[in-house]
Amino acid sequence: MGILASASTGGEVIVDILDRLFENYAKNVRIFKKREILLPEYVPEELPHREEQILQLAKIIAPVLRGSKPPNVFIYGLTGTGKTAVTKYVLRRLLLKVKSGVLTAYINCRKSSTNYRVLAELASAVGRPVPFTGLSTTEVLKRFTYTLENRGGILLIVLDEIDWLVKRSGDSVLYFLTRINEELSRSKVAIIGVTNDLKFMEYLDPRVKSSLGEEELVFPPYNNRELEDILRRRSEEAFYPGVLEEGVIPLCAAIAAKQNGDCRLALDLLLKAADLAEREGASKVSEEHVRMAQREVERNLIVDTVKSMPLHVKLTLLAILSLEKNRVKNITTGEIYEKYRNLCNRIGVSAVSQRRISDIINELDMLGIINARVVSLGRYGRTKVIKIVTSEESILEGLRRDINLSSLLSK
DNA sequence: AATCCACAGGAAGTGCTGGGCG
DNA sequence: CGCCCAGCACTTCCTGTGGATT
């Protein structure tokens with residue numbers, strides 16, 4: 001105690017802080033009854049307001065119960081409309097009814113966005129794990145097909161966020177998977193493709209497109225009332241009674257309803273708000289906690305993505321930022337490249353080509369940090385006009401974490 | 001109506017990493 | 001060990017283009 005107190009400049013202040021922290025902590029174990037109920041991976045026992053979609057999907061894949069291959073399904077819906085939850089839920093229920101001969105593989109294509117990784121996951125789903133690198137894709141393909149054929153039965157493949165796979169690696173794996181059944185006799189493959197981007201279908205080979213879209217399911221966004229209802233039900237399990245102030249759930253629902261009815265966001269806000277309340281030792285979660293959570297969610301998202309960017313992406317972003325700060329109107333690719341080259345000179349790294357910067361600008365646009373749209377300025381050429389559409393403060397904070405950039409940001 | 005700017009963005013290739021196979 | 005593979009970040013070279021200006 002003495003050591004602790006004398007080590008700190010403020011005498012026994014640290015002791016007071018610790019005391020309060022521990023007291024609060026002990027007192028506030030009472031907010032969460034079961035925190036994991038609010039985590040995004042959690043699939044609840046009931047999925048309210050998605051009964052219709054559950055039924056439709058179940059009808060489509062029910063043929064596996066009689067041992068025949070169900071049609072391929074394509075599921076479309078905005079983020080947080082319950083696509084993944086419904087799919088997992090229906091598959092889980094199905095597996096309870098089926099004795100043998102059915103295998104499922106769930107692949108998140110954002111995490112496994114290359115042909116090789118998708119095939120590797122499929123291979124391990126049929127019980128033939130392969131090294132995560134080193135083999136040729138045709139080799140993995142062979143092993144997967146061979147093992148599947150020997151096992152027999154039906155394999156249901158869920159390709160979640162399938163647009164990521166197509167955008168990064170093309171549709172060759174999809175093409176292979178939609179035609180694999182012609183080579184199999186003892187087993188069959190059915191695909192459930194899940195996405196929130198309908199436009200990506202246009203890039204598909206027409207044969208893949210028609211095969212994948214044998215059945216289609218659309219998930220509408222949740223409305224305000226439905227979101228509230230979902231939050232209430234989850235809260236009953238997640239929290240002790242009475243810890244949420246009156247307006248908390250409606251506020252979370254309202255914010256999320258504005259964001260295309262994103263239920264994941266609603267749950268995340270509630271979770272973060274309760275975390276904040278607990279951390280500061282409040283006995284109840286208030287609307288103010290929700291608003292703080294909203295700001296934090298937005299901020300963290302930007303800071304984290306910026307922080308993890310490669311150097312030249314950061315430099316590009318910094319170039320855009322400083323052009324914006326100099327009140328340049330209608331920032332173009334050429335202007336960004338010039339500024340970027342200048343920044344590279346100042347910290348002594350060699351610049352990449354303008355072609356590459358053009359791609360980086362597109363990447364930043366896809367991340368939603370900037371907005372880049374192609375415009376034609378007639379005589380003055382054709383270029384992209386770029387705007388920052390997120391908090392400049394948060395971007396800057398992400399950039400500041402990079403020591404390479406410290407000399408550029410000091411003043 | 002023709003021109004021509006300032007890029008967009010496709011194709012193909014390079015060098016590197018991190019691994020496998022026989 | 002030597003050779004092969006996929007993925008990535010990037011380059012080089014290239015053709016294409018919307019529309020204000022001539």
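The chains referred to below are lettered A, B, ... by the order of the sequence lines, with proteins before strands, and numbering in each begins at 1. This structure is a prediction, so every number in the text was calculated from the model and none was measured.
Contact between the side-chain N/O atoms of A:N362 and the OP1/OP2 oxygens of B:dG9 is found at a separation under 4.0 Å. Residue A:T333 places at least one side-chain N or O closer than 4.0 Å to OP1 or OP2 of B:dA8. The side chain of A:R356 places an N or O atom within less than 4.0 Å of a non-bridging phosphate oxygen (OP1 or OP2) of C:dC10. Not one side-chain nitrogen or oxygen of A:T114 sits closer than 4.0 Å to the OP1 or OP2 atom of C:dA6. OP1 or OP2 of B:dA8 sits under 4.0 Å from a side-chain N or O of A:K384.
A 6.0 Å sphere centred on CD of A:E182 holds more than 12 heavy atoms belonging to other residues, nucleotides or ligands. Counting heavy atoms of neighbouring residues, nucleotides and ligands inside a 6.0 Å radius, atom CZ of A:R93 does not exceed 12 of them. Within 6.0 Å of CD on A:E338 lie no more than 12 heavy atoms contributed by other residues, nucleotides or ligands. Heavy-atom contacts from other residues, nucleotides or ligands closer than 6.0 Å to CD of A:Q259 number 12 or fewer. Within 6.0 Å of NZ on A:K307 lie more than 12 heavy atoms contributed by other residues, nucleotides or ligands. Counting heavy atoms of neighbouring residues, nucleotides and ligands inside a 6.0 Å radius, atom CD1 of A:I403 does not exceed 12 of them.
Counting all heavy atoms, side chain and backbone alike, A:R50 lies closest to A:T81 at NH1-O, 2.7 Å. Looking at every heavy atom in both residues, A:V130 comes nearest to A:A123 through CG1-CB, 4.2 Å.
Distances from the side chain of A:T383 to the nucleotides B:dA8, C:dT12, C:dG18 place B:dA8 closest. The A:Y116 side chain lies nearest to C:dA6 when the options are C:dA6, C:dG18, C:dT11. Distance from the side chain of A:R117 is smallest for C:dC8 among the nucleotides C:dC8, B:dC7, C:dA20.
For A:R355 and B:dG9, a side-chain-to-base donor-acceptor distance below 3.5 Å is present, hydrogens and geometry of angles not being considered. Taking only distance into account, the side chain of A:R168 never meets the base of C:dG7 through a donor-acceptor pair shorter than 3.5 Å.
An angle of 30°, rounded to 10°, separates the two end axes of the helix from B:dA1-C:dT22 to B:dG22-C:dC1, each defined over five pairs.
In this structure, A:E139 reaches neither bases nor backbone, as no heavy-atom distance under 4.0 Å exists between it and the strands shown. As judged by a 4.0 angstrom heavy-atom cut-off over every strand, A:T137 is placed among residues touching the sugar-phosphate backbone only. Nucleic acid contact class of A:N115 (heavy atoms, under 4.0 Å, all strands): sugar-phosphate only.
Looking at which nucleotide of DNA chain C each of A:A351 and A:G381 is closest to, the 5′-most match is held by A:A351.
Side-chain contact between A:D262 and A:N260 is absent, with no heavy-atom pair separated by less than 4.5 Å.
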At under 4.0 Å between heavy atoms, which parts of nucleotides 17-22 of chain B does protein reach? Answer with one letter per nucleotide, 5' to 3': B base, S sugar-phosphate only, - none.
-BBSS-
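Distance A:N330 CG to B:dC7 C1': 15 Å, rounded to the nearest Å.
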